[in-house]
Amino acid sequence: MAEIKREEEKSLNFIEEIVEEDLRSGKHKSILTRFPPEPNGYLHIGHAKSICLNFGLASKYGGETNLRFDDTNPVTEETEYVESIKEDIKWLGFSWARELYASDYFEQLYQLAVQLIKMGLAYVDDSSSEEIAAQKGTPTEPGKRNQFADRSIEENLLLFQEMKEGRYKDGEKVLRAKVDMASPNMQMRDPLIYRIKHAHHHRTGDKWCIYPMYDFAHGQSDSIEHITHSICTLEFVSHRPLYEWFIEQLGIYPSKQYEFARLNLNYTVMSKRKLLQLVNEGYVTGWDDPRMPSISGLRRRGYTPESIRFFTEKIGVQKRDNLIDLSLLEFCIREHLNRIADRKMVVFDPLKIVLTNHNGEVEMLQSENNPEDPEGGFREIPFSSELYIEQEDFMEHPPKKFFRLAPGQKVRLKSAYIIQCDEVVKDQQGKVTELRCSYLPESRSGGDQSGMKVQGTLHWVSVAHAVTAEVRLYDRLFRVEDPSNEDGNFKEYINPDSLQVIKQVYAEPGLREAVGGKPYQFMRKGYFCLDRDSSGDNMIFNRTVTLKDAWAKVQNKG
RNA sequence: UGCCCGAUAGUAUAAUGGUAGUACGUCAGAUUCUGGAUCUGAAUGUCGAGGUUCGAGCCCUUGUCGGGCAACCA
């Protein structure tokens, strides 16, 4: 009932409205979308928005989505990227109807170009790129056509054929569409549609030495596949008239292009070029560095596909530029992990506690794996007379509202007993090295007979049973919200503290059984996942996200 | 100062001529064997000026601001 109501109240985004109208009017019986990555880099969370949109739309309206690699530039594209892109899409939870490549259409595209030449709508230009740029004019001055535009159809046909045969060097000639050099839309000023590149293509090898440009590949590929709704980002708005011009002139299937605003997230960058720089220049360890906004980085960081899909739902789809708060992404992952992550107790910065009234016998205590999941079960944790708690959970001179341990003060040890701090042991420098405490045997969790009420509950581990691990604490990659929009180079704004490594933390023994791909909540610390750098008994955990910390806020206010 | 796109709380996103709502964040409180989670409450918004209309966030005019377009990239 609640589910249904929510369904009704959920409003449509502008693309869904278009699709519903197209379906209602009978313009389309079903829809076909496509996700068209260029295999020249890894996917990032901005792509996830597009993926969720394209695949989500198709699945919502009973259509299909093609995965089509836009591989028209052999110089930058590699098979390695194809594989990572496929893996990321699958991981996000989507399956494509067909795996396709723009390069599958090179022959058809060539024929379409020939057709254009025959119609007198394309010509071979011998000018250099500088000359072409100069002749193009500026946004306020119209461009001028050069003498090559006057070549005969026969000559153009021959020259284009010769380009294809490899008779010319890179840059010697290009094929241009003959549109309108005076158009106020720069995209229409006789755009280049084919260029010569004697380069090895990751799929077609050395078969071709001429390659179509984006504008003469993308729309045509859409059309060949009968894509109904071709959804792209805003920077292609000005290309839409050209997209439509080609379709109209060639008389091919009329796919329609729609544009939405790309995702921007604060405290990071979202361009492949910039991300590649971070990787190449060693600011991060690779595309899957957990600080990267790449899908592979987020995955390694411990984000779940569900959380990313949930996030893309929450941010919506619109045409206005945006800068989304990282806190929303963090909310989405906490929301999911809180429900599914097993709890573990892990002490990062140990302070030893000796229970003076304890006989030293080891007792196994039970603790819920996940209080949010009634079927999550319990685990056993050893308790004995020597324990570690966090340094920061003790203060010799506590401020008001410090609900933790202090001389004479009581706290609950999670799933164990209430303890009281009786004595503080210090070294010669006056540093606290140990606490001597007493515990209330009748206060055991689950059967508390003590009648005591304490404010704070701490996580702890038994010294003798603790297992060690390394933790990597990640923070935002940049110190400023919008690094690309600051003065100077974006790299000047990298957060120097985006990674803090703690080589040795102390965990309850059960953490030994941790497996990769499973989330854990280190109680009161955050959500963590086992990193692939782990080996044998050297376990390494990545912090996915912290827990919300109300105490930190109180402290910060002084 | 060419053409195009856009402008609703701090950040996003609804309201499709008829009560400006939701989420995140923020603040306050309740509750809690995680200062987590949960629950309750609060503050904060239609870029400006005209116009059409009984009525405008929405339509029109105009201004302002932001973004895109002059790659043999996509």
Side-chain angles (χ1 to χ4, degrees), chain A residues 9-13 17 36-38 40 70-73 75-77 125 128-129 132-134 136-143 170-176 183-189 192-197 210-211 213-215 217-218 232-241 259 261 266 272-273 314-332 334-335 338-339 343 345 367-368 371-372 401-404 411-416 418 443 445-446 448 454-459 481 521-526 546-555:
Chain A
E9 283 172 359
K10 178 96 175 81
S11 53
L12 304 176
N13 66 49
E17 280 179 2
E38 185 189 10
N40 68 345
D70 226 338
D71 56 350
T72 57
N73 185 358
V75 185
T76 56
E77 295 153 5
D125 193 330
S128 67
S129 60
I132 288 175
K136 217 157 212 175
T138 68
T140 51
E141 302 161 57
D170 287 10
E172 219 175 313
K173 287 181 166 39
V174 291
L175 184 69
R176 300 176 70 177
S183 171
N185 181 347
M186 298 298 290
Q187 307 298 334
M188 302 296 271
R189 320 248 265 226
L192 274 62
I193 58 177
Y194 263 92
R195 77 291 214 193
I196 299 169
K197 274 182 194 285
I210 56 170
Y211 293 93
M213 300 284 291
Y214 168 84
D215 286 307
H218 199 100
C232 61
T233 44
L234 248 29
E235 66 267 30
F236 295 102
V237 169
S238 59
H239 293 243
R240 183 169 4 107
E259 312 87 8
N266 60 186
K272 275 194 213 171
R273 209 192 87 251
K314 302 214 69 117
I315 60 177
V317 179
Q318 250 306 331
K319 299 186 77 156
R320 41 185 116 95
D321 294 323
N322 56 77
L323 185 61
I324 310 279
D325 266 351
L326 189 59
S327 64
L328 182 62
L329 216 211
E330 294 185 337
F331 163 79
C332 292
R334 285 192 189 108
E335 170 82 10
N338 177 47
R339 288 177 2 235
R343 271 57 172 172
M345 292 202 283
S367 189
E368 296 167 291
E372 303 295 318
K401 294 202 177 176
F402 183 77
F403 304 149
R404 307 181 185 184
V411 288
R412 155 84 52 194
L413 294 181
K414 174 69 188 174
S415 298
I418 291 171
S443 67
S445 292
D448 189 345
V454 292
Q455 293 254 46
T457 301
L458 308 184
H459 63 282
E481 281 203 59
Q521 186 198 95
F522 292 179
M523 298 195 80
R524 307 207 302 136
K525 286 292 182 186
T546 59
L547 257 28
K548 274 172 66 178
D549 191 350
W551 172 241
K553 279 182 191 167
V554 173
Q555 280 179 308

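The model shown is predicted, which means the values in this text are computed figures rather than measured ones. Letters A, B, ... mirror the listed sequences (proteins, then strands); counts begin at 1.
Atom CZ of residue A/R524 and atom CH2 of residue A/W551 lie 11.5 Å apart, to the nearest 0.5 angstrom. Once rounded to the nearest 0.5 Å, the distance linking CG of A/D215 with CE of A/M188 reads 10.0 Å. A distance of 6.0 Å separates CG in A/L192 from NZ in A/K136, rounded to the nearest 0.5 Å. Of the inter-residue distances, the one linking A/K553 atom NZ with A/K548 atom NZ reads 6.0 Å to the nearest 0.5 angstrom.
Residues A/L328 and A/I315 are in side-chain contact: their nearest non-hydrogen atoms beyond the backbone lie under 4.5 Å apart. A heavy-atom distance below 4.5 Å is found between the side chains of A/E38 and A/K272.
Residue A/R273 contributes atom CZ, which lies 13 Å from atom C1' of B/A71 at whole-angstrom precision. The separation between A/H459 atom NE2 and B/A37 atom P is 17 Å, rounded to whole Å. Summarising the geometry, the separation between CG on A/N13 and P on B/A12 is reported as 17 Å, rounded to the nearest angstrom. In this structure, A/N185 places its CG atom 11 Å from P of B/C5, rounding to the nearest Å. Following rounding to the nearest Å, A/E330 (CD) and B/A37 (C1') show an atom-to-atom distance of 17 Å.
Remark on RNA chain B: of its neighbouring residues A/M186 and A/K525, the 5'-side contact belongs to A/K525, judged by nearest-heavy-atom nucleotide. Of the residues near RNA chain B, A/S415 and A/Y194, the one whose nearest nucleotide (by heavy atom distance) lies more toward the 5' end is A/S415.
Closest to the side chain of A/Y214, out of B/C73, B/A74, B/G35, is B/A74. Distance from the side chain of A/D321 is smallest to B/G67 among B/A74, B/A12, B/G67. Picking from B/G36, B/C72, B/U13 the nucleotide with the shortest atom distance to the side chain of A/I132 gives B/C72. Of all nucleotides listed (B/C72, B/C73, B/C5), B/C5 comes nearest to the side chain of A/K319. Distances from the side chain of A/P184 to the nucleotides B/G2, B/A70, B/A12 place B/G2 closest. Minimum atom distance to the side chain of A/D549 is reached by B/G35, of the listed B/G68, B/G35, B/G36. Which of B/U34, B/A37, B/A70 sits closest to the side chain of A/N338 comes down to B/A37. Of the candidate nucleotides B/A12, B/G35, B/U38, B/A12 has the atom lying nearest to any side-chain atom of A/I315. In this structure, of B/C69, B/U34, B/A74, it is B/U34 that holds the atom nearest to the side chain of A/Q521. Ranking B/A15, B/G35, B/U34 by closeness to the A/R343 side chain, first place goes to B/U34.
With centres under 5.5 Å and a plane angle under 30°, the ring of A/W551 is stacked against the base of B/G35.
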The contact string for nucleotides 19-26 of chain B, one letter per nucleotide 5' to 3', using protein heavy atoms under 4.0 Å with B, S and - for base, sugar-phosphate only and none, comes out as ----SSSS
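Consecutive Watson-Crick or G-U pairs involving RNA chain B, each under 3.5 Å on both distances, make up stems of three or more pairs at B:2-7 with B:64-69, B:10-13 with B:21-24, B:26-30 with B:38-42, B:47-51 with B:59-63.
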Test side-chain contact (heavy atoms from CB on, under 4.5 Å) on A/I193 and A/L175 and set out the steps.
-> CA-CA 6 Å; A/I193 58 177; A/L175 184 69; 3.8 Å; yes
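Between A/H218 and A/Y214, the ring-plane angle classifies as tilted under the 30° and 60° cut-offs.
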